[in-house]
Student: 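Have a look at the structure that comes next, please.
In what follows, residues are counted from 1 in the order of the sequence shown.
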Amino acid sequence: MQRPTIFVLNGPNLNTLGTRRPEIYGAETLADVEARVRRRADAAGFGIEFFQSNHEGELVEKIQQARRDAVGIVINPAAYTHTSVAIHDALEYAETPTVEVHISNVHAREPFRRHSYVSPLAKAVIAGAGTLGYEFAIEWLADHLRLQHTA
Ligand code: DQA
């Protein structure tokens with residue numbers, strides 16, 4: 001039987017993780033993060049689909065697909081967090097429990113990073129926990145989805 005799938009989505013420039021400003025984003029690559037998240041999801045009984053894009057429309061399409069194919073979404077929309085009404089609208093359409101993740105503490109940085117178009121649609125928001133935030137998000141979703149099933 002196929003396991004329920006959580007989509008783990010990453011926005012622009014996160015493909016450069018490991019080389020981009022490591023003092024802020026850490027030394028791990030996105031492939032390292034993917035391996036850790038996959039292990040964590042596996043242990044919780046979920047499959048994951050990992051997707052990164054530098055293009056807003058591709059992220060929108062993936063989020064739309066979540067409505068049908070995912071039980072949960074973990075998303076780091078990166079810079080689109082602060083600009084994208086299209087991603088906001090896609091998440092509204094997806095009607096899928098969503099956790100918003102930021103590696104850095106966006107509230108302790110430039111003022112333009114404090115506003116998120118995604119947070120109003122997220123069940124939980126994790127910022128500043130480094131790449132561990134992705135694992136916390138999986139853990140939270142696993143718990144949330146289990147509770148939903150027993151309710
Ligand atoms: C980020 C924070 C955003 O402000 C920034 O544009 C990113 C990464 C984070 O993970 O801390 O690209 O989402």
Student: Remaining members of Y117's ILVMFWY cluster at a side-chain heavy-atom cut-off under 4.5 Å?
Tutor: V85
Student: Could you give the distance from NE2 (H107) to NE2 (H115), rounded to the nearest 0.5 Å?
Tutor: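 It is 11.0 Å, given to the nearest 0.5 Å.
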Student: Just to verify, what does Q64 make a side-chain hydrogen bond (donor to acceptor under 3.5 Å, both in side chains) with, not counting sequence neighbours?
Tutor: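 Q64 satisfies side-chain hydrogen bond (donor to acceptor under 3.5 Å, both in side chains) with no other residue.
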Student: I103 vs L17, test: side-chain contact (heavy atoms from CB on, under 4.5 Å). Steps then yes/no.
Tutor: CA-CA 10 Å; I103 297 166; L17 216 57; 3.7 Å; yes
Student: Pairs in or reaching into residues 53-62: which pass salt bridge (charged side-chain N to carboxylate O under 4.0 Å, His left out), with residues at least two apart or in two chains?
Tutor: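 Sorted pair list: E49-K62.
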Student: Donor-acceptor pairs under 3.5 Å, side chain of residues 71-78 to any protein atom, not counting sequence neighbours: which ones?
Tutor:
{"unit_1": "N76", "atom_1": "OD1", "unit_2": "A78", "atom_2": "N", "d": "3.0"}
{"unit_1": "N76", "atom_1": "ND2", "unit_2": "Y134", "atom_2": "OH", "d": "3.1"}

Student: Considering residues at least two apart in sequence or located in another chain, which fulfil the side-chain hydrogen bond (donor to acceptor under 3.5 Å, both in side chains) criterion with T131?
Tutor: E28, R36
Student: Could you name each residue pair satisfying ring-ring contact (aromatic ring centres under 6.0 Å, His included) that touches residues 64-96, not counting sequence neighbours?
Tutor: none
Student: Nearest 0.5 Å, what's the CZ-CG distance between R114 and N105?
Tutor: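 Reported value, rounded in 0.5 Å steps: 9.5 Å.
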Student: Membership question, hydrophobic clusters at under 4.5 Å side-chain separation (ILVMFWY): are L9 and I48 in the same one?
Tutor: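 Result: no, two separate clusters.
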Student: Do side-chain atoms of N54 reach the backbone of N13 as a donor and acceptor pair under 3.5 angstrom?
Tutor: yes
Student: Can you name the residues that form a side-chain hydrogen bond (donor to acceptor under 3.5 Å, both in side chains) with D32, not counting sequence neighbours?
Tutor: T29
Student: A side-chain contact here means heavy atoms from C-beta on lying under 4.5 Å apart; do V99 and I126 qualify?
Tutor: yes
Student: Once salt bridge (charged side-chain N to carboxylate O under 4.0 Å, His left out) is applied, do any residues pair with R67, and if so which ones, sequence neighbours excluded?
Tutor: E95
Student: Is there a path of hydrophobic side-chain contacts, each under 4.5 Å between heavy atoms of I, L, V, M, F, W or Y residues, that connects I6 with V33?
Tutor: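 Yes; V33 is reachable from I6 via cluster members.
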Student: State which residues pass side-chain hydrogen bond (donor to acceptor under 3.5 Å, both in side chains) with D69; sequence neighbours excluded, sorted by chain then number.
Tutor: Q65
Student: Using a 4.5 Å cut-off on heavy atoms from C-beta on, say whether the side chain of I63 contacts that of I87.
Tutor: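 They are in contact (side-chain heavy atoms under 4.5 Å apart), so the answer is yes.
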Student: Please enumerate all residues that pass ring-ring contact (aromatic ring centres under 6.0 Å, His included) together with F46, with sequence neighbours excluded.
Tutor: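 By the ring-ring contact (aromatic ring centres under 6.0 Å, His included) rule, F46 matches no residue at all.
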Student: Step by step, work out the side-chain hydrogen bond (donor to acceptor under 3.5 Å, both in side chains) result for E100 and S116.
Tutor: CA-CA 10 Å; E100 176 184 353; S116 167; 3.0 Å; yes
Student: For the pair T16 (side chain) and T19 (backbone), establish whether a donor and an acceptor sit closer than 3.5 Å, ignoring hydrogens and angles.
Tutor: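 Not a single qualifying donor-acceptor pair exists.
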Student: Show your reasoning for whether side-chain contact (heavy atoms from CB on, under 4.5 Å) applies to H102 and T81.
Tutor: CA-CA 9 Å; H102 298 286; T81 309; 3.1 Å; yes
Student: Yes or no on side-chain contact (heavy atoms from CB on, under 4.5 Å) for T96 and F7, after CA distance, side-chain angles and deciding distance?
Tutor: CA-CA 10 Å; T96 305; F7 279 10; over 6 Å; no
Student: For the residue pair E92 and L121, what are the closest heavy atoms and their distance?
Tutor: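 Heavy-atom minimum between the residues: N-CD1, 3.9 Å.
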Student: So, for A44 and R146, which heavy atoms are closest and what is the spacing to 0.1 Å?
Tutor: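 Shortest heavy-atom contact: O-NH2, 3.7 Å.
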Student: Tell me, with the steps shown, if F136 and V101 meet side-chain contact (heavy atoms from CB on, under 4.5 Å).
Tutor: CA-CA 9 Å; F136 296 155; V101 172; over 6 Å; no
Student: State yes or no: do L14 and V8 share one hydrophobic cluster built from I, L, V, M, F, W and Y residues joined by side-chain heavy-atom distances below 4.5 Å, directly or via other members?
Tutor: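 In one cluster with L14: V8, yes.
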Student: Side-chain heavy atoms nearer than 4.5 Å, only ILVMFWY residues, links allowed to pass through others: does that put L145 and V125 together?
Tutor: no
Student: Pair up each side-chain donor or acceptor in residues 137-144 with any protein partner under 3.5 Å, not counting sequence neighbours, and list the distances.
Tutor:
{"unit_1": "E139", "atom_1": "OE1", "unit_2": "R40", "atom_2": "NH1", "d": "2.7"}

Student: Applying salt bridge (charged side-chain N to carboxylate O under 4.0 Å, His left out), can you list everything that pairs with R21, at least two apart in sequence or on another chain?
Tutor: E23
